[in-house]
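In what follows, a single structure is set out as structure tokens and then discussed.
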Amino acid sequence: MKKILLLLVFVISANAVSAQSKAIKDLFSSKPEQQKEVSDPDSLGYLYYSQLFGFSLASKANTKLFDFIYDWLGTPYRFGGNTRNGIDCSRFVNKVYDAVYNTFLGGASSRDIYKNVRPVDKEDLKEGDFVFFKMGKKYISHIGVYLGNGKFAHSSSSKGVSISDLNDPYFKRYFFKGGRMQE
């Protein structure tokens, strides 16, 4: 399994490097007036994560968020877990908010977090918002962090820490609401 994962990371990295090389080549072969438009030295970082995660990141994306998620990808799911040996969905979201946004959620469950956020409709979600699900229950039972383009990071009981799509029929069926920290 590790060999397959390493091979996958290698292939994705090779594609990202190829895309970065093309971006650099395009940058230097463009006309001078076009070069002036590229003022963000981190644009290659956005390109890298776009390739790695499989969707286009906004140029103002929080690379700290994507760095954190990348470091945790593949961590197995463990109910009540709070380490790289295993972590559940709400504890993963707590760690994201603590590390990326310096916001302590207090180890809150998905239901507790929902009580303390401003509800947001699916079409109004922004990077870093919470996504809440009612997985066959009458109450909120799952949480993730919205990344953009319909994608979110979460700790899934079947895949561990992973990135999923809100438009996937499974998640579309159980999606409840988005949430944003009170300002």
Q.
Quick one, K177 with V131, criterion side chain to side chain contact (heavy atoms under 4.5 Å, CB included). Give me CA distance, side-chain angles, the key distance, then yes/no.
A. CA-CA 6 Å; K177 194 67 108 167; V131 287; over 6 Å; no

**Q.** Pair F152-Y146, ring pair (Phe, Tyr, Trp, His ring centres under 6.0 Å): steps then yes or no
**A.** CA-CA 4 Å; F152 67 100; Y146 188 72; 8.1 Å; no

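In the hydrophobic clustering of this structure, L125 does not group with V100; members are Ile, Leu, Val, Met, Phe, Trp, Tyr whose side-chain heavy atoms approach within less than 4.5 Å, directly or through other members. Residues V145 and L73 share a single hydrophobic cluster, defined by chaining ILVMFWY side chains whose heavy atoms lie under 4.5 Å apart.
Side-chain contact between F171 and D165: absent, with no pair of heavy atoms (C-beta onward) separated by less than 4.5 Å. Looking only at side-chain heavy atoms (C-beta outward), N94 and N82 stay at 4.5 Å or farther from each other. Counting heavy atoms from C-beta outward, R91 and R78 have side chains that stay 4.5 Å or more apart. A 4.5 Å side-chain heavy-atom check between V117 and R180 finds every atom pair outside the cut-off. Counting only heavy atoms from C-beta outward, the side chains of W72 and V96 never approach each other to under 4.5 Å. Side chains of I69 and L147 form a contact here, defined as non-hydrogen atoms less than 4.5 Å apart. The shortest distance between side-chain heavy atoms of L105 and D112 does not fall below 4.5 Å.
Residues forming a salt bridge (Lys or Arg N to Asp or Glu O under 4.0 Å) with D88 (at least two apart in sequence, or on another chain): none.
For an aromatic pair to be called close, the ring centres must be under 6.0 Å apart, and Y174 with Y170 satisfies this.
Side chain of D124 to main chain of V120: no donor-acceptor pair is present (N/O by atom type, distance under 3.5 Å, no hydrogens or angles).
At a cut-off of 3.5 Å, with distance as the only test, a side-chain donor of H154 or S164 sits close to an acceptor on the other residue.
Applying the ring-ring contact (aromatic ring centres under 6.0 Å, His included) rule to pairs touching residues 82-117 yields Y97-Y101, Y97-F130, Y114-F132, Y114-F176, sequence neighbours excluded.
Ring geometry, F133 versus F175: the interplanar angle exceeds 60°, so the pair is classed perpendicular (tilted spans 30 to 60°).
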